[in-house]
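Residue numbering restarts at 1 for every chain, and letters A, B, ... go by the order of the sequence lines.
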Protein chains: 2
Amino acid sequence: MPQPLENPETSRSTDGRLARGEATRDRVLDAAERCFAANGFAAVTIRQIAREAGVTLGVVGFHGGSKDELFGTVLARRTDTLNALRTEALAELKAGGAFTIRDLVDAYLAPYLQIASRGDPQWRAYAQLIARIVSDDQYYPQVRDLYDPVARTYIDEIRRLRPAASAEALATVLTLTVSSMLSIVASRVRIEGLSGKPAGDSPLDYRTILVDFCTGGIEKALPPNEAS
Amino acid sequence: MPQPLENPETSRSTDGRLARGEATRDRVLDAAERCFAANGFAAVTIRQIAREAGVTLGVVGFHGGSKDELFGTVLARRTDTLNALRTEALAELKAGGAFTIRDLVDAYLAPYLQIASRGDPQWRAYAQLIARIVSDDQYYPQVRDLYDPVARTYIDEIRRLRPAASAEALATVLTLTVSSMLSIVASRVRIEGLSGKPAGDSPLDYRTILVDFCTGGIEKALPPNEAS
DNA sequence: AAACTATCTGTACGTACGTATAAAAAGTCA
DNA sequence: TGACTTTTTATACGTACGTACAGATAGTTT
């Protein structure tokens, strides 16, 4: 793996090689993202990623390091953006005064649905990749570092609205909310198969029903007063 | 792959070799089930399954056929039992007179939670395996054949309780319900991580909150009268 | 122009994979 | 016992994998 841009001085340099190198690096990471999203870690080969990126085999190793490193890089690459969107959405909610559980759910889910529905197929691939790994124990250490901090801030807000809820119940409903969203992001084919009608291919089409479902679920599962 | 027991006559035979063969076959399928559940299809090797089953490499091929065939066999092996439990639960509900959405949700989810929580670790592994593949487009053809028929009978009952709901909405809430359940079955580590408290390791511990969540979600997402 | 650096190509190495199969072993039945 | 079937062993084949690296290429700096 090259040592890219550790120093801002370096990144601001006029060396065209670095710019070209980084463009190639992005091509590799994008290709890896698409491949991992479509097939999972083990089923993807470095050669497949190279072909998808339109580069030779060695270039993948040069820019991406080992297969494990490449996977980790892909996972972490977009979290800052996503976490910022969610944090910002929550801040706006709090700045606006009173808010409901539905507002919280929408603030948490909407950024993900939006990026997964954008024209940019890379964000969509990334969302599918996350959907694939979030239900796998072996990746939880990575998911925890990347997503749990922001998730905790949302849990804190739900707790404020439902003071009687236990920590386990709060964590459970957030986990179920995320699972619901990810299942929509990952695939709509079963909905299509079960309904018999062609389903919208954009996760954003499901925003209303998804937010309804999760809001209703949280409200029913968490007692407003001290009960259960 | 051998041609085992197509004829009941054969299975009732006294040939001890067939009995021993079938015992070995079960060991192989059980081992494969555990391996596939823990690591997914691509990451598992035949040699790994052989080691886990305590047999030699060739035996896996003899009893399981190709890797794809083995996977398909494992997937299909337990569906009859599961579908029967769900069908029976629904029949009892209908026999008992009036029932609610909550009753339907519980009837659909409880069998799965129960088998995933039973002492038998094989059922648990199977449940985890299903959780792993149900959100993957490429396995939907298999999932469709195995699970959609019974899912449709539940959808029909929900429709009776919510006549105004569209086919898409019905299919969506059932899919979300399944996703929620499977996320619990597959892993409780994130709940543990987010709550900071050790989580119950049995999916059945989450029956109440899960049924609450899904019931509340369905009720909120599906309008009782013509609206939305 | 020459020295230097970053990037890219082509190829090779050792390993592990899925699968096939010949021969051995174990069990059944006449 | 001896012919038979089923199951198990041991081994081999061809392929594809992740990784490493020497050398070529292209761009930068002095």
Inset, instruction - Report the residues that fulfil side-chain contact (heavy atoms from CB on, under 4.5 Å) with B:Ala43, sequence neighbours left out, ordered by chain and then residue number. - result: A:Ala42, B:Asn39

Inset, instruction - Could you list the residues that satisfy ring-ring contact (aromatic ring centres under 6.0 Å, His included) with B:Tyr147, not counting sequence neighbours? - result: none

Inset, instruction - Only counting residues at least two apart or in another chain, list the ones meeting side-chain contact (heavy atoms from CB on, under 4.5 Å) with A:Gln128. - result: A:Ala37

Legend entry - B:Lys67, nearest nucleotide to its side chain (from D:dT7, C:dG18, D:dT19): C:dG18

Legend entry - Distance test, side-chain N/O of A:His63 to OP1/OP2 of C:dC8, below 4.0 Å: yes

Inset, instruction - Let me know the distance between CG of A:Asp26 and P of C:dT7, rounded to the nearest Å. - result: 12 Å

Inset, instruction - Give the rounded distance in Å between these two atoms: CG of A:Asp68 and P of D:dT19. - result: 7 Å

Inset, instruction - Report the distance from atom CZ of B:Arg25 to atom C1' of D:dT6, rounded to the nearest whole Å. - result: 15 Å

Legend entry - Partner set under ring-ring contact (aromatic ring centres under 6.0 Å, His included) for A:Tyr140, not counting sequence neighbours: none

Inset, instruction - Determine the contact category for A:Val60: base if any of its heavy atoms lies under 4.0 Å from a base atom, sugar-phosphate if only primed atoms, P, OP1 or OP2 are that close, otherwise nothing. - result: nothing

Legend entry - Of all pairs that satisfy ring-ring contact (aromatic ring centres under 6.0 Å, His included), the ones with a partner from residues 172-196 of chain B, not counting sequence neighbours: none

Legend entry - Listed once per pair and sorted, the salt bridge (charged side-chain N to carboxylate O under 4.0 Å, His left out) pairs that draw on residues 126-141 of chain B, sequence neighbours left out: A:Arg132-B:Asp136, A:Asp136-B:Arg132

Legend entry - Aromatic centroids of B:Phe71 and B:Tyr139 separated by under 6.0 Å: yes

Legend entry - Interatomic distance, B:Gln48 CD vs C:dT19 C1' [rounded to whole Å]: 17 Å

Inset, instruction - Give a yes/no on whether any side-chain N or O of B:Thr24 is located under 4.0 angstrom from OP1 or OP2 of D:dT8. - result: yes

Legend entry - B:Ile46 side-chain proximity, nearest of D:dT8, C:dC8, C:dT19: C:dT19

Check nucleotides 9-16 of chain D for protein N or O atoms closer than 3.5 Å to its own N or O atoms and list the pairs.
residue	atom	partner	partner atom	Å
D:dT9	OP2	B:Thr56	OG1	2.8

Inset, instruction - Using the side-chain hydrogen bond (donor to acceptor under 3.5 Å, both in side chains) rule, collect all pairs that involve residues 49-59 of chain A, keeping only residues at least two apart or in two chains. - result: A:Arg34-A:Glu52

Legend entry - Strand contacts (DNA chain C) in residues 27-43 of chain B, 4.0 angstrom heavy-atom criterion: none

Legend entry - Rounded distance in Å - CZ (A:Phe62) to P (D:dA22): 15 Å

Inset, instruction - Before accepting this row, confirm whether a basic side-chain N of the pair B:Arg77/B:Asp30 lies closer than 4.0 Å to the acidic partner's carboxylate O. - result: yes

